[in-house]
J.: 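Provided herewith is a single structure, encoded as structure tokens, for subsequent inquiry.
Note on naming: letters A, B, ... go to the chains in the order of the sequence lines (proteins, then strands), and numbering restarts at 1 for each one.
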4 protein chains.
Amino acid sequence: MGCGEGWVEDAGHGRAYRFRSPDGHSFELYWETRALEPAAGEQPALKNMASRFHGRGACPRRLDHVNLLAADVSALRDFMTGAFGSRVTEQIRLDNGRLGGCWFTVNNKTYDLACTEDATGSHGRFHHLTYATYQREEILRAADILRENGVHIETGPHRHAIQGTFFLYVWDPAGIRVELANAGARLILRPDGEPVTWTETERRKGQAWGLKTIATFHTHGMPPVET
Amino acid sequence: MGCGEGWVEDAGHGRAYRFRSPDGHSFELYWETRALEPAAGEQPALKNMASRFHGRGACPRRLDHVNLLAADVSALRDFMTGAFGSRVTEQIRLDNGRLGGCWFTVNNKTYDLACTEDATGSHGRFHHLTYATYQREEILRAADILRENGVHIETGPHRHAIQGTFFLYVWDPAGIRVELANAGARLILRPDGEPVTWTETERRKGQAWGLKTIATFHTHGMPPVET
Amino acid sequence: MGCGEGWVEDAGHGRAYRFRSPDGHSFELYWETRALEPAAGEQPALKNMASRFHGRGACPRRLDHVNLLAADVSALRDFMTGAFGSRVTEQIRLDNGRLGGCWFTVNNKTYDLACTEDATGSHGRFHHLTYATYQREEILRAADILRENGVHIETGPHRHAIQGTFFLYVWDPAGIRVELANAGARLILRPDGEPVTWTETERRKGQAWGLKTIATFHTHGMPPVET
Amino acid sequence: MGCGEGWVEDAGHGRAYRFRSPDGHSFELYWETRALEPAAGEQPALKNMASRFHGRGACPRRLDHVNLLAADVSALRDFMTGAFGSRVTEQIRLDNGRLGGCWFTVNNKTYDLACTEDATGSHGRFHHLTYATYQREEILRAADILRENGVHIETGPHRHAIQGTFFLYVWDPAGIRVELANAGARLILRPDGEPVTWTETERRKGQAWGLKTIATFHTHGMPPVET
């Protein structure tokens with residue numbers, strides 16, 4: 001596909017093959033992984049857990065997905081479906097005909113990568129990284145902890161209309177957006193399902209319970225750009 | 001009432017008047033209290049909170065109630081209603097005519113003190129101290145933390161038939177029983193309500209979802225006795 | 001106090017004495033109450049419940065409080081403390097010296113009546129009625145049900161800075177504001193606590209997790225007025 | 001593999017191919033499916049939902065898994081891995097060397113089928129069907145509803161040691177066991193993970209919070225047998 005950049009070495013896993021998306025995002029694929037070895041005293045009481053449960057802070061259970069910004073979401077969609085065999089589960093079709101956003105999966109999670117249009121027209125930017133919590137109650141609890149620690153809460157807690165995920169978005173001290181999310185029991189179990197396509201009119205209704213999408217969502221990403 | 005023992009000085013509050021229940025439990029009443037002054041860096045983000053929220057461990061929000069064991073629950077009931085003006089909200093009437101348990105309140109919590117019959121016939125023993133959690137989800141979360149730390153879980157999580165409280169009972173390293181409980185929105189708002197009286201037959205159905213009352217509940221208390 | 005209007009007869013309870021607040025709100029006090037008699041088949045499985053639990057809709061467990069609008073919140077505060085012996089637990093002191101809001105209680109709930117300033121300058125209006133839910137999870141569940149039924153969600157779900165209550169505000173088809181709220185384990189247990197006083201600057205920070213107070217909150221009430 | 005029985009026609013989907021497991025369980029595979037068409041008035045407010053949300057009863061969100069009983073769990077394991085390409089995520093190795101239980105998946109759910117040893121020595125029996133709830137709070141709420149309706153709660157609510165699932169087991173009026181379960185955010189994301197193997201000694205510790213496995217769990221299945 002002409003997007004390859006070659007093999008690289010990183011910490012925590014074996015050598016990785018690096019390549020770029022049409023919008024300029026850097027990707028790496030690797031197989032060999034260094035599994036966590038709990039430190040002394042960090043062995044869990046139940047052997048099917050990776051390490052001891054402390055329940056501190058937001059205590060997310062795993063990475064959930066990554067959201068990219070792109071100047072051309074359609075090109076990113078063709079790349080993800082072509083290069084990874086990703087399926088599109090939901091997407092936004094703007095009145096101007098462009099894709100405003102696209103949600104992808106390679107398994108039965110409803111999405112493992114999302115891409116939304118960058119209103120600044122920039123290329124290859126990062127929107128947010130998402131951690132999954134065990135229950136949505138933990139997102140409400142995390143909101144109290146984040147507030148006590150002066151973390152900037154950008155929007156939420158609320159429920160997304162698209163994908164139905166319960167969410168909270170915060171900025172870390174460097175301005176990097178992090179989402180805490182809970183999808184409940186939602187999985188894609190139908191192998192031949194069609195993407196759900198949302199219109200601008202439908203999106204104007206806001207999120208699941210009416211919260212309007214915050215303006216910074218279309219412009220704030222990494223690296224920062226003048227807006 | 002002839003149960004007074006006189007004034008005593010304790011840490012954390014002004015002088016207290018000490019007296020004994022008919023079963024021999026030691027009580028103290030005091031008014032002057034030393035309010036918490038949050039240490040530097042422990043001021044909460046919201047001024048209507050006593051101190052900073054960390055969300056560590058079970059993070060209970062307040063004391064909820066105390067449960068006493070007594071050889072004669074009826075005598076304790078007369079004492080609580082006579083000496084404190086407590087109301088009886090629920091009680092157990094055994095087939096032999098004795099009171100098996102009694103739940104008291106002086107406000108609109110459904111109970112702030114409970115007393116159950118000591119199957120060992122001992123006098124003046126302590127059954128458990130209870131902490132209230134913000135939501136019942138936190139009791140399930142606490143169960144994971146307690147398990148990781150090797151704390152003995154005596155029974156629960158489950159829901160009480162009497163008072164409807166969601167509960168978890170653990171023993172501290174000294175064998176002292178501690179309950180984590182959540183009453184949801186339950187309050188006694190009717191000023192002239194009658195006590196709810198449970199029979200032995202009704203109690204044999206177990207707790208709200210069928211869990212049977214554990215045998216140690218009728219014998220394990222402080223101080224320990226040979227059983 | 002010169003605010004009496006005399007005895008009235010209503011359905012569901014014995015005769016009531018009617019009187020008016022200084023701002024013109026109509027109050028009634030009564031003692032004799034007709035307790036619920038569950039219909040055939042509506043007896044609960046547990047005798048300490050008023051009726052069978054169906055878990056339909058938002059299924060709130062009880063009334064929580066009423067919020068009034070007033071042109072003069074200070075006069076309402078003097079009335080509530082003088083006529084009912086209510087305690088003020090929290091209040092808003094505006095930069096202009098007026099009380100912007102006041103939260104009252106006659107028991108150990110942190111508030112059973114609230115009053116906020118009516119930005120329209122109207123007298124004796126109603127702001128909202130609040131139902132308490134068992135857990136805050138039920139408010140998130142209710143939000144889904146309300147959305148499905150086309151009910152107008154005015155604001156929330158979110159957590160109040162004042163009183164710390166988890167909330168959801170909706171309008172019924174007539175435009176009457178109804179709140180679903182959960183206070184967790186929060187109770188006022190200190191008999192000599194002082195009111196918590198909030199400044200305009202503090203209020204500008206919004207609710208507990210940053211949501212700004214919606215403009216209609218200061219103007220929308222019953223009966224409607226031209227704004 | 002010699003276990004085929006041929007094509008069959010059923011309601012709700014296209015023709016299915018029927019075959020038997022080594023223990024005698026009947027399986028069917030099909031592709032063509034009749035998707036749900038919401039009835040008039042049952043269209044959801046959000047187009048990515050299959051139908052309107054009512055929130056009645058336990059309101060599970062999807063099927064989660066099936067649990068079979070088998071006289072020879074090892075034979076069933078070889079069948080599932082050989083015929084379906086299922087992976088074994090967790091298993092119980094009894095002191096006598098036999099497999100006491102085995103959990104399988106074909107995707108990144110941690111299990112979609114489980115099989116446990118039938119203590120009656122019977123062949124081809126059914127243990128339970130499981131529905132997934134959105135949050136575990138809904139399982140606690142369902143327990144109240146099931147109790148009100150006189151449904152037999154066999155065990156739970158509690159958390160499984162194996163797979164970590166929060167569970168509630170009930171029997172329908174015919175004695176068929178149904179589980180309500182919530183796995184939180186738990187997924188198998190490592191493609192080359194090894195099965196977690198539990199010993200009898202580990203199983204004797206009971207479930208995650210200490211509840212002992214109920215005796216009927218090893219004998220009660222469908223069809224019923226004399227025990």
J.: Chain D: which of B:Gly156, B:Pro157, B:Gly210 shares the most heavy-atom pairs with it under 4.5 Å?
T.: B:Pro157
J.: Relative to chain B, which segment of D:Leu211 carries a heavy atom at a distance below 4.5 Å: side chain, backbone, both, or neither?
T.: side chain
J.: Should B:Gln135 and D:Glu137 be marked as a side chain to side chain contact (heavy atoms under 4.5 Å, CB included) after you check the CA-CA gap, both sets of side-chain angles, and the distance that decides it?
T.: CA-CA 10 Å; B:Gln135 302 289 316; D:Glu137 254 295 319; over 6 Å; no
J.: Please round to the nearest 0.5 Å and tell me the distance separating atom CD of D:Gln207 and atom CZ of B:Arg147.
T.: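 That separation rounds to 11.5 Å.
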J.: Hey, is OH on B:Tyr131 packed in by over 12 heavy atoms from elsewhere, all under 6.0 Å?
T.: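 No, OH of B:Tyr131 has 12 or fewer neighbouring heavy atoms, counting only those of other groups under 6.0 Å.
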J.: Mark yes when over 12 heavy atoms from residues, nucleotides or ligands other than D:Lys205 sit less than 6.0 Å from its NZ; otherwise mark no.
T.: no
J.: Supply the atom-to-atom distance D:Trp209 CH2 to B:Asp144 CG, rounded to the nearest 0.5 angstrom.
T.: 5.5 Å
